[in-house]
Amino acid sequence: VQLQASGGGLVQAGGSLRLSCAISGRSFSTYNLGWFRQAAGQEREFVAAIDWNSGGTFYADPVKGRFTISRDNAKNTVFLQLNSLKPEDTAVYYCAAGISRVRLITGRVDYWGQGTQVTVSS
């Protein structure tokens, strides 16, 4: 499975961004796809996950109600819509794939994409 993230940038607090993760490879539809982020000097943390087949979603508490994860089956792409952004959302965002939701959200990721920088100014 190969993951290619894009869509990061610089935005003011309260603004929005949409991240994309293009997915390719064998049997990726059997995976849960998700996003993590890593702020400078901090550990990488789970943000959101989606089951490719069912569309079921799961979010970390800090982003609930502000971020939305979705997928486009036809384009083999997972999206992360970031709304009401705060300076503390500044981080490098990574897309990831895990064979199960539990493995994914606990950081036992099977595949990582490269990161995309999101910077939120106050």
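Computation of the quantities below employed the complete heavy-atom set of this structure, encompassing side-chain atoms and omitting hydrogens, waters and symmetry-equivalent molecules.
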Visitor: Using the side chain to side chain contact (heavy atoms under 4.5 Å, CB included) rule, take Val1 and Asp110 through it: C-alpha gap first, then chi angles, then the decisive distance, then the call.
Guide: CA-CA 9 Å; Val1 177; Asp110 294 286; over 6 Å; no
Visitor: Return the OG to CZ distance between Ser16 and Arg18, rounded to the nearest 0.5 Å.
Guide: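 These two atoms lie 12.0 Å from each other.
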Visitor: Are Tyr31 and Tyr111 close enough, and set up right, to give a side chain to side chain contact (heavy atoms under 4.5 Å, CB included), and what steps lead you there?
Guide: CA-CA 10 Å; Tyr31 286 81; Tyr111 300 95; 3.4 Å; yes
Visitor: Taking the basic N atoms (NZ, or NE/NH1/NH2) and the acidic carboxylate oxygens, is any pair closer than 4.0 Å for Lys64 and Asp61?
Guide: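 Yes, Lys64 and Asp61 are salt-bridged.
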Visitor: I need the Trp35 CH2 to Ile50 CD1 distance, nearest 0.5 Å.
Guide: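 Rounded to the nearest 0.5 Å, the CH2-CD1 separation comes to 12.0 Å.
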Visitor: Is there side-chain contact between Val109 and Phe36, with heavy atoms separated by less than 4.5 Å?
Guide: yes
Visitor: Mind checking the NZ-CD1 spacing from Lys75 to Ile23? Nearest 0.5 Å is all I need.
Guide: 13.5 Å
Visitor: So, do Phe58 and Asp51 sit near enough that their side-chain heavy atoms are less than 4.5 Å apart?
Guide: no
Visitor: Report the distance from atom CZ of Arg71 to atom OG of Ser54, rounding to the nearest 0.5 Å.
Guide: 7.0 Å
Visitor: Indicate if Val92 and Leu80 have the same hydrophobic cluster label, given that clusters are the connected sets of ILVMFWY residues with side-chain heavy-atom separations under 4.5 angstrom.
Guide: no
Visitor: To the nearest 0.5 angstrom, please state how far the CG atom of Asn53 sits from the OG1 atom of Thr30.
Guide: 8.0 Å
Visitor: Contact between Leu33 and Leu3 at the side-chain level, heavy atoms closer than 4.5 Å - yes or no?
Guide: yes
Visitor: Report yes if the side chains of Leu19 and Val118 come closer than 4.5 Å at any heavy-atom pair, otherwise no.
Guide: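 The answer is yes, as the side chains (C-beta and beyond) meet within the 4.5 Å cut-off.
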Visitor: List the atom of Ala13, the atom of Ser122, and the distance in Å for their closest heavy-atom pair.
Guide: CB-CA, 4.4 Å
Visitor: Heavy atoms, side chains only, cut-off 4.5 Å: are Arg103 and Asn32 in contact?
Guide: no
Visitor: With a 4.5 Å cut-off on side-chain heavy atoms, are Thr90 and Gln117 touching?
Guide: yes
Visitor: How long is the gap from CG on Asp89 to CZ on Phe67, to the nearest 0.5 Å?
Guide: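 It comes to 4.0 Å.
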Visitor: Report yes if some heavy atom in the side chain of Val63 is under 4.5 Å from a heavy atom in the side chain of Arg37; otherwise report no.
Guide: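 Side chain of Val63 against side chain of Arg37, heavy atoms only: contact under 4.5 Å found.
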Visitor: Considering all heavy atoms of both residues, which atom of Thr116 and which atom of Ser6 are nearest to each other, and what is their separation?
Guide: OG1-C, 4.1 Å
Visitor: Hydrophobic clusters here meaning ILVMFWY residues chained together by side-chain heavy-atom distances under 4.5 Å, can you tell me if Val78 and Tyr59 are in one?
Guide: yes
Visitor: Is it true that a side-chain atom of Gln4 and a backbone atom of Gly113 form a donor plus acceptor pair closer than 3.5 Å?
Guide: no
Visitor: Let me see the working for Asn73 and Trp52 under side chain to side chain contact (heavy atoms under 4.5 Å, CB included), right down to the final yes or no.
Guide: CA-CA 8 Å; Asn73 298 58; Trp52 185 264; 3.7 Å; yes
Visitor: Within the 4.5 Å heavy-atom criterion, are Val102 and Arg108 side-chain neighbours or not?
Guide: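 Val102 vs Arg108: side chains touch.
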Visitor: In terms of hydrophobic clusters joined by side-chain contacts under 4.5 Å, are Tyr93 and Leu17 together?
Guide: yes
